[in-house]
Amino acid sequence: MLRLSRGEGGEANESPVPHKLESTTKTGGVEGKASCLSWSGALSSFLTTIVTFPIYKLVFRQQIHAVPVPKAVGQLRREGLRRFYRGVYPPLLTKTMQGALQFGAYNRCLQLLSPATEPPLLKHRWAAGFASGVLEAVVLSPFERVQNVLQDGRKDVRFPSTLNILREFNSYGPWGRLTLGYYRGFCPILLRNSLGTALYFSFKDPIRDRLAGQGGLPLWVPALVSGSINGTVISLVLYPLSVLGANMQSQVGSQNVPGLWASARAVWEARGRKLLLIYRGGSLVILRSGVTWGLTTAIHDFLQDKPSLGPGKSH
């Protein structure tokens, strides 16, 4: 990561100082031993999820029901405030773990891939980000699966709570618990997470460095803008994978369950074979992704600027 040196009054000096990952030296190389978990990544993701959950739920309804924003808002209004935050605990846990794994695993992989005496290259950041995304998908896909079932309003009666969903999944055979239960829809989630994380870490620091080099900006602005740009572009590019994954993961049952390609065809047909309808909800995706990754990046960098706030120096 990159830090700006502070001038008097807390303003950024015109000459930025390298904002160090906990594993980088003054020349950008890798030193020490980075943890595979990041407390600052966990906390930043936790806070961001609470703020952006209402937007997330609107986007999910559009992905599942292919309805415009006003109709999705109407569905949530009819369900009432009591159920407005139904399903928040799985994403809260998932996103908190995602932040810890994403930043921690990236730092650890970058440490292993990048020479200790040289700044990390684009290929090193890409590979470390890709590996981090794969780990993230393997660990967190079951949580996202439960979350998507909970947020599908059509299943409220059959599955009123997380416990009911877990009982259903555990009623399948050993292999079925994985393929039909916890890891249903895993392939599009794996592609989305691995590619998305690789792109995020590849371009996050260069964009922030360029903005920081302009001078005169508050310390948090380059990180906020960098995260927002990355999150928006990446989400738009990979949005079809999110739609496919959400539709596959919202399905429950052990018989006549369509596979990956059958599900992709079903989504394509349901959207009238129009890419524009696949991207229904795209405006909210832009807003959610920009806010989510802008806040996450800015909070994460702020926490790294304040090592005394966390346990030791394991960021």
Side-chain angles (χ1 to χ4, degrees), residues 1-2 19-25 28-45 48 91 93-145 178 182-183 185-209 223 226-227 229-231 233-235 237-239 241-242 244-245 249 260 289 292-293 296-297 300-301 303-304 313-315:
M1 314 294 284
L2 296 174
H19 188 294
K20 298 187 293 182
L21 277 166
E22 57 273 17
S23 57
T24 58
T25 67
V30 179
E31 67 176 5
K33 184 176 182 181
S35 171
C36 286
L37 295 176
S38 167
W39 75 269
S40 54
L43 183 56
S44 60
S45 296
T48 301
L93 178 60
T94 300
K95 294 299 183 182
T96 301
M97 293 176 62
Q98 178 188 33
L101 283 172
Q102 186 181 60
F103 287 96
Y106 169 77
N107 290 336
R108 181 60 175 151
C109 291
L110 190 64
Q111 181 187 60
L112 297 174
L113 293 171
S114 179
T117 58
E118 300 177 9
L121 301 176
L122 174 61
K123 65 180 181 181
H124 298 140
R125 297 196 302 270
W126 172 275
F130 190 91
S132 174
V134 170
L135 177 62
E136 183 186 320
V138 171
V139 174
L140 301 180
S141 185
F143 294 94
E144 188 172 352
R145 164 73 156 137
L178 295 177
Y182 297 103
Y183 281 92
F186 178 67
C187 287
I189 301 304
L190 177 64
L191 286 174
R192 183 199 65 191
N193 286 15
S194 57
L195 293 177
T197 306
L199 289 168
Y200 172 77
F201 282 114
S202 293
F203 300 107
K204 175 176 68 69
D205 288 353
I207 293 174
R208 185 187 51 213
D209 293 351
S226 173
I229 292 174
N230 264 301
V233 174
I234 292 169
S235 292
V237 171
L238 301 180
Y239 186 71
L241 291 175
S242 295
L244 177 58
Q249 289 189 325
L260 175 63
S289 298
T292 296
W293 285 108
T296 298
T297 306
H300 177 267
D301 287 5
L303 293 174
Q304 285 203 322
K313 293 185 179 181
S314 179
H315 304 300

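Computed over heavy atoms, backbone and side chain alike; hydrogens, waters and symmetry mates excluded.
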Colleague: Would you find a donor on one side and an acceptor on the other, under 3.5 Å apart, between the side chain of Ser114 and the backbone of Leu110?
Modeller: no

Colleague: List the steps and the verdict of side-chain contact (heavy atoms from CB on, under 4.5 Å) for Ile189 and Gln249.
Modeller: CA-CA 10 Å; Ile189 301 304; Gln249 289 189 325; 3.8 Å; yes

Colleague: Once you round to the nearest 0.5 Å, how far does CG of Leu241 lie from CG of Leu190?
Modeller: 10.0 Å

Colleague: Given Val139 and Leu101, is the side-chain contact (heavy atoms from CB on, under 4.5 Å) satisfied, shown in steps?
Modeller: CA-CA 9 Å; Val139 174; Leu101 283 172; 3.8 Å; yes

Colleague: From Ser44 OG over to Trp39 CH2, what is the distance, rounded to the nearest 0.5 angstrom?
Modeller: 9.0 Å

Colleague: Measuring centre to centre across the rings, with the benzene-like ring taken for any Trp, is Phe103 within less than 6.0 Å of Phe201?
Modeller: yes

Colleague: Would you call Lys95 and Glu144 a salt bridge, using N to O less than 4.0 angstrom?
Modeller: no

Colleague: Looking only at heavy atoms, what is the nearest atom pair of Thr297 and Ala223, with distance?
Modeller: CG2-O, 3.4 Å

Colleague: Sub-3.5 Å donor-acceptor pair from the side chain of Tyr183 to the main-chain atoms of Val138, do we have one?
Modeller: yes

Colleague: Are the side chains of Phe186 and Arg145 in touch, meaning some heavy atoms are under 4.5 Å apart?
Modeller: no

Colleague: Apply the test side chain to side chain donor-acceptor pair (under 3.5 Å) to residues Thr296 and Ser45: give CA-CA distance (whole Å), side-chain angles for both, the deciding distance (0.1 Å), then the verdict.
Modeller: CA-CA 6 Å; Thr296 298; Ser45 296; 4.7 Å; no

Colleague: What's the separation between atom CG in Asn230 and atom OG in Ser289, rounded to the nearest 0.5 Å?
Modeller: 11.0 Å

Colleague: Quick one: pull up CG in Asn107 and CG in Leu112 and give me the separation to the nearest 0.5 Å.
Modeller: 11.0 Å

Colleague: How about His124 and Cys109: do any of their side-chain heavy atoms sit closer than 4.5 Å?
Modeller: no

Colleague: Just by modelled atom types, is the His300 backbone N or O under 3.5 Å from a matching donor or acceptor in the Ser40 side chain?
Modeller: no

Colleague: Mark yes or no for whether Ser132, through its side chain, and Ala128, through its backbone, hold a donor-acceptor pair below 3.5 Å.
Modeller: no

Colleague: Judged by atom type as modelled, is there a donor-acceptor pair below 3.5 Å linking the side chain of Arg192 to the main-chain atoms of Leu238?
Modeller: no

Colleague: State the OG-CG distance between Ser242 and Asn193, to the nearest 0.5 angstrom.
Modeller: 8.5 Å

Colleague: Measure the spacing between CD1 of Ile234 and CG of Leu195 and express it to the nearest 0.5 Å.
Modeller: 10.0 Å

Colleague: Between Phe130 and Thr197, is there a side-chain heavy-atom distance shorter than 4.5 Å?
Modeller: no

Colleague: Indicate yes or no for a side-chain donor-acceptor contact from Ser226 to the backbone of Lys204 under 3.5 Å, with no hydrogens or angles considered.
Modeller: yes

Colleague: Do Trp126 and Leu199 have side-chain heavy atoms sitting under 4.5 Å apart?
Modeller: yes

Colleague: Could Asp205 and Arg125 be called an ion pair, given the rule that one side-chain N must be under 4.0 Å from one carboxylate O?
Modeller: no

